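Shown next, in structure tokens, is the structure this report addresses.
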Amino acid sequence: MNHNQTIQSTFSLVCLFFFTSPLVFCQLDYSFYDDTCPNLSKIVTYAVSSAIANETRMAASLIRLHFHDCIVNGCDGSVLLDDTSSLRGEKGAGANQNSARGFEIIDDIKANVEEACPSTVSCTDILTLAARDAVYLAGGSYYYVPLGRRDATTASLSAANEQIPAPFESLRNITAKFTSKGLDAKDVVVLSGAHTIGFAQCFTFKDRLFNFNGSNQPDPALHTSLLKNLQSQCPNQDSSNSNLAPLDPVTINKFDNVYYKNILNKSGLLQSDQALMGDATSASLVNKYSKYPYLFSKDFGASMVKMANIGVLTGQTGEIRKNCRVAN
Ligand code: HEM
Ligand SMILES: *[C@@H]1O[C@H](CO)[C@@H](O)[C@H](O)[C@H]1NC(C)=O
Ligand SMILES: *[C@@H]1O[C@H](CO)[C@@H](O)[C@H](O)[C@H]1NC(C)=O
Ligand SMILES: *[C@@H]1O[C@H](CO)[C@@H](O)[C@H](O)[C@H]1NC(C)=O
Ligand SMILES: *[C@@H]1O[C@H](CO)[C@@H](O)[C@H](O)[C@H]1NC(C)=O
Ligand SMILES: *[C@@H]1O[C@H](CO)[C@@H](O)[C@H](O)[C@H]1NC(C)=O
């Protein structure tokens, strides 16, 4: 078999060739790197488990980084690009600056993967696998993700500022951001369940503690004992803005369904978490996931696969970056 035939037969598994036109349609595939990088998943899993062993929070940070990659112009590794003289990237967006974490872990994995299989595996696939492993290693479900995404050659600060949902937004607005990406109202409830681990800075929920919606009162939808704790962790002055509070104070590092129990208990941390009770359909899902951990696990995996399919580049589009921080 010559080189071209090899490429052709690798491609034909996942691509449709139209002989009458130059178009090639490719899809993600579960065995995409089986021949070209057979040790990929081992390399990723080993690095993610070391990173979590060193710092438990890293599981949460990697899951969020994957979300912020996918929700902005698709899962294309754009969130990983550093600013250059000609590019203002997504790391400077409101939701990412001094907040998005885990870049060094992705760099380390990429370096190991390049050693095993040079210029073969995209940065966005590495991030997708790292997030999948993080969910599992934190105690959540294991789900299979198809691979074959390619990396963008650019990023967009303005798209990141517009497309990543903010915790102050209404459920309606957040749902609109999800549906514009092919996700739905159920995915909002399911994927918000990732807030079962990790931390938020005080400024992301402080108005709930002291001056909710301009009322000079705390948010009435916040449990009084949690309110007292949070008011002492986040005193009403700017110097507390970057203090951290756990998104799920009951089981801080465990990827479980307690997030939903907290919401039923008026103990959702972010306004956007508690807002899931503001709509009958989402409230009934919160109720269901609080009762049926297995259902949450199963639905979470399915919604993550959906999220990981948003706007992917495949086939000949995009590139396989050599360094996740810079386009080739
Ligand atoms: C539904 C709309 C969402 C909003 C408004 C939102 C907002 C936030 C905010 C404000 C933080 C705290 C960031 C900081 O203080 O630095 C946070 C953390 C986090 N978010 Fe979300 N998020 C949403 C959806 C998601 C989704 C879909 C996922 C993943 C599937 C996710 C995973 C996480 C994780 C794991 C953390 C903790 C990160 C860490 O500790 O490093 N979030 N989110
Ligand atoms: C995969 O890793 C094993 C050791 O874990 C090594 O012996 C083997 O050569 C590696 N295979 C490839 C194709 O890199
Ligand atoms: C371990 O985690 C700490 C933060 O807790 C971080 O500063 C350090 O770089 C990490 N070390 C490694 C080897 O990842
Ligand atoms: C929801 O979106 C609309 C239109 O973009 C905007 O005017 C409004 O301020 C948003 N509301 C909230 C609570 O974020
Ligand atoms: C905030 O206040 C406005 C005006 O009083 C009201 O219409 C809106 O429903 C309030 N939002 C929340 C989340 O309570
Ligand atoms: C209900 O909320 C209180 C206060 O935040 C908390 O101590 C308790 O553990 C919560 N119960 C459950 C089941 O989440």
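Both counts, for ligands and for their atoms, begin at 1 and track the order of listing. Since this is a predicted model, take the numbers as computed values, not measurements. Because only heavy atoms are used, hydrogens play no part in the values below, and waters and symmetry mates are left out as well, while side chains stay in.
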Does [X] reach ligand 1 with a nitrogen or oxygen that is under 3.5 Å from one of the ligand's nitrogen or oxygen atoms?
{"X": "A60", "answer": "no"}
{"X": "S272", "answer": "no"}
{"X": "Q201", "answer": "yes"}
{"X": "S61", "answer": "yes"}

Find all atoms of ligand 1 within a distance of less than 4.0 Å from any non-hydrogen atom belonging to [X], and give their numbers and elements.
{"X": "I174", "result": "1 (C), 2 (C)"}
{"X": "P165", "result": "2 (C), 5 (C)"}
{"X": "R57", "result": "39 (C), 40 (O), 41 (O)"}
{"X": "S99", "result": "13 (C), 14 (C), 16 (O)"}
{"X": "A166", "result": "5 (C)"}

Task: Test item: Q274 side-chain N/O and G268 main-chain N/O as donor-acceptor pair under 3.5 Å - done: yes
Taking distance alone, no hydrogens or angles, what donor-acceptor pairs closer than 3.5 Å link side-chain atoms of residues 284-291 to residues at least two apart or in another chain?
| from | atom 1 | to | atom 2 | distance (Å) |
| --- | --- | --- | --- | --- |
| S284 | OG | T281 | O | 3.3 |
| Y289 | OH | D299 | OD2 | 2.6 |
| S290 | OG | N287 | O | 2.7 |

TODO: Of all the heavy-atom pairs spanning E319 and A152, show the shortest one and how long it is.
DONE: OE2-O, 4.4 Å
TODO: Can you see which heavy atom on I164 is nearest to which on K177, and at what distance?
DONE: O-NZ, 3.5 Å
Task: Over-ring placement of K91 relative to F103, 6.0 Å and 45° cut-offs - done: yes
Open item on the list: Please enumerate all residues that pass side chain to side chain contact (heavy atoms under 4.5 Å, CB included) together with N161, with sequence neighbours excluded.
Closed with: A93, L157
For each nitrogen or oxygen atom of ligand 4, which protein N/O atoms lie closer than 3.5 Å, and how far apart are they, rounded to 0.1 Å?
| from | atom 1 | to | atom 2 | distance (Å) |
| --- | --- | --- | --- | --- |
| ligand 4 | 2 (O) | N173 | OD1 | 3.4 |
| ligand 4 | 2 (O) | N173 | ND2 | 2.2 |
| ligand 4 | 11 (N) | N173 | ND2 | 3.0 |
| ligand 4 | 14 (O) | N173 | ND2 | 3.4 |

Open item on the list: Pair D107, R325 - check salt bridge (charged side-chain N to carboxylate O under 4.0 Å, His left out), show working.
Closed with: CA-CA 8 Å; D107 291 339; R325 292 173 182 267; 2.6 Å; yes
Open item on the list: Taking the six-membered ring for Trp, are F300 and F255 closer than 6.0 Å centroid to centroid?
Closed with: yes
Task: Centroid-centroid under 6.0 Å between Y30 and Y144 rings - done: no
Open item on the list: Within this structure, what is the CG-CD1 distance for the pair L127 and I105, rounded to the nearest 0.5 Å?
Closed with: 12.0 Å
Open item on the list: If I take atom CD from residue Q217 and atom CZ from residue R208, how far apart are they, to the nearest 0.5 angstrom?
Closed with: 14.5 Å
Open item on the list: If I only include protein atoms of type N, O or S, how many are less than 2.8 Å from atom 21 (Fe) of ligand 1?
Closed with: 1
TODO: Taking only Lys NZ, Arg NE, NH1 and NH2, and the carboxylate oxygens of Asp or Glu, determine whether D83 and R88 approach each other closer than 4.0 Å.
DONE: no
Task: Pair D187 + K306, salt bridge at N-O below 4.0 Å - done: yes
TODO: Heavy-atom distances under 4.0 Å are what count here, so tell me which part of T204 touches ligand 1: side chain, backbone, both or neither.
DONE: side chain
Open item on the list: Run the salt bridge (charged side-chain N to carboxylate O under 4.0 Å, His left out) test on R321 and E114 for me, step by step, so that the C-alpha distance in whole Å, both residues' side-chain angles and the decisive distance to 0.1 Å come before the verdict.
Closed with: CA-CA 10 Å; R321 244 177 251 157; E114 283 298 295; over 6 Å; no
Open item on the list: Using a 3.5 Å cut-off on N or O atoms only, is E55 in polar contact with ligand 3?
Closed with: no
- [ ] State the atoms of ligand 3, each with its element, that fall below the 4.0 Å cut-off from a heavy-atom position in N54.
- [x] 1 (C), 2 (O), 3 (C), 8 (C), 10 (C), 11 (N), 12 (C), 14 (O)
Open item on the list: Between V113 and L40, is there a side-chain heavy-atom distance shorter than 4.5 Å?
Closed with: yes
